[in-house]
Amino acid sequence: MARGKRTYEEQSADPAAQQMLIRADELGIGTAFSRADDMVPCNIGGAGMCCKICGMGPCRLTKDGQTGVCGATLDTIQARNFIRAIAAGAAAHSDHGRDMAFTLKAVANGEAEGYMIRDVAKLRMVARDNGIQIEGRSPTEIANDLADLYIAQFGQQRGRIIATKRAPAKRQQLWEERGVMPRGVDREVVEALHRTHIGDDQDPEHILVHAVRTALSDGWGGSLIATDVSDILFGTPAPILGQANLGVLKDDMVNVVVHGHEPTLSQMIVAASQDPEIIEYAKQAGAKGINLSGICCTANEILMRQGIPAAGNFLHQELAILTGAVEAMIVDVQCIMQALVELASNFHTQIITTSPKVQIKGATHIQFDEHKALTIAKQILKVSIDNYKNRGKTHIPQVREDLIPGFSHEYINYMLGGSYRASFRPLNDAIMSGRIRGVAAVVGCNNPRSKQDFLHTYVTEQLLKQDVLVVETGCGAIASAKLGLLLGEAGLDKVGPGLREICETVGIPPVLHMGSCVDNSRILTVLTQMVEEGGLGDDIDQVPAVGLAPEWMSEKALSIGTYCVASGAYVIFGGSSPISGMPDRVADSDIVLRFISEGWEKLYGGKMEFIPDPDEMIKMTLEHIDKKRAALGLPEYDPARFGRSGDQRMIELEQMPVAEKRQALYGVAAD
Ligand code: NFS
């Protein structure tokens, strides 16, 4: 049925989502999908041409040569809008990292109920790499020092964020030369706000220098710290079986959905949900037990560590409640729609906010405190169980897919060589020979302005056919999971012959789920290790790799894109550009847009482009990969050259007549 401006099929590529959108209409309930149809985006603000940083405006610059009341030119306004978005994104990721570091400190001091140091090996490795003495010291002693060191990175005023030392040597030198080496996380974010206050930095290129420094404080600072500490406290991910989509909700169990980002709470909810006392409590309420699932990046955190199913990605948060089967949605920080509370009032679902930073009017607030984590997690679960009796009719779409997430860089390294010879050599060799044409990171959000999951999965599938190995994080990874691309056997018939051979040999799916959005730091580590392994140049900008965020919507995505560019990557965003200008109406209103592409490429070897058309995205990705291959002197990619030694070939050989098989295998005719 067509309604509003788009059909259900135009709103989402996911059949489970389509079912729930029909249900929403039957009930007369709006969702982000319908609100996006009703809300025409402001074309002036959308193009970055509106300035509202002071009370003399807002100033909308829509004519050639026009300036704001203060005299600000269009390019200055666009650069200011852009850096403010990046600063907000960097702040969000980094504040998450800060909280993780504080939790590590509390664990080291024995003050964090329910937590422990799960990955002592990673603790020791990270501590050693950061110059902390590890010999003869207990894990808590080491963790104490590491927590202090990491906490200090946020408020550090001078010097450089310590994790930047993990980048390739040449890249570090480039950052020093360009004046973008981040000093401290908070300092860069604060300076971004200061510089964009009325009457401060007014040279767009100069503003964008600091945009790069701010983003680097996220990627090689806050996010990297978040990933390190999460692994130390909750375990470094390794492949595990999981499931994704709304079909993971269960009719006969108490459904608790955790949504947000920080693993501190969700990990404790996982632990509490396995507590016999809580399971018994659920049974007494008439349920078979507790069924935990996740939405957004908190889903990724518990999916890749414990195999807890993902109910969906960003646009599934409302759809999960529409099933009528969710007793409680427990949220912490980031990507939580305010609409949840109003939507939930149509059902029995309780929205429970938990962060001291995030409250929503109408939601139940049970504040989380890592010092009493397990107690609070149990309290939250009891409130959820008590709500089971209020459940009405349910509509759970029976749509779910298996997946194997958990490809941390440590595991990829191990998987390529085993514990005997863990190494990135096989991956580099596969790229150098041309079996793998290059690597693409397909990451980022859902955006209701485009068909949910379509851009992610279309781009992913097309790149796989071109022998491009795909790594994914965030909501993009959940999109591919829902389509069944994160399973080896399910995906291999869709990939190119050379990539297939590698996947079969190593035993990996062609799309590697590397975690949540802060775990894009893992991708930086993989790229660095590929460089250090040798054969693919001496810096990240030489590796045949591209980053894509086809359905981006959050400011965090802009920060990620910017630190990836500054690290040397070509980054393609889908959808619209927040600084596009309107070149058809205002000449040269795309100066900033051009600068972050051509200008940044000259400065950092990476560039940022906004390309709405998925086929164009794929074309540009492949052109870039081939350009980088040629610059490295690697053989031209030729799909006909490989693919004759994998599992598929074995099946073909099995079916051949003996003589033909001898000829194929040994090059000799039958006797
Ligand atoms: Ni990333 Fe994760 Fe999803 Fe986008 Fe939001 S959940 S941190 S921002 S919407 S990918």
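Just so it is clear, the values below take in all heavy atoms, side chains as well, and ignore hydrogens, waters and symmetry mates. Start at 1 and go down the list; that is how both ligands and their atoms are numbered. Counting from 1, the numbers follow the sequence of the chain as shown.
Close contacts between ligand 1 and Met553 involve ligand atoms 9 (S) [criterion: under 4.0 Å to a heavy atom].
Side-chain atoms of Asp218 and Ser94 form no donor-acceptor pair, as typed in the model, at a separation below 3.5 Å. For Asp453 and Asn313, the side-chain atoms include at least one donor-acceptor pair closer than 3.5 Å.
Salt bridge annotation for Arg522-Asp231: present, with a cationic side-chain nitrogen under 4.0 angstrom from a carboxylate oxygen. One finds a salt bridge joining Glu188 and Arg213 here, because a Lys/Arg side-chain nitrogen approaches an Asp/Glu carboxylate oxygen to under 4.0 Å. Using a 4.0 Å cut-off between a side-chain N of Lys or Arg and a carboxylate O of Asp or Glu, Asp14 and Lys451 do not qualify as a salt bridge.
Only protein atoms were considered; those of element N, O or S under 2.8 Å from atom 2 (Fe) of ligand 1 number 2.
Ligand 1 has at least one atom lying under 4.0 Å from a heavy atom of Gly444.
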Practice problem: Take Thr214 and His210 through the side chain to side chain donor-acceptor pair (under 3.5 Å) test and state the conclusion after the steps. | Solution: CA-CA 6 Å; Thr214 307; His210 189 67; 3.2 Å; yes
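Of the candidates Glu551, Gln11, Met553, Ser450 forms a side chain to side chain contact (heavy atoms under 4.5 Å, CB included) with just one, namely Glu551.
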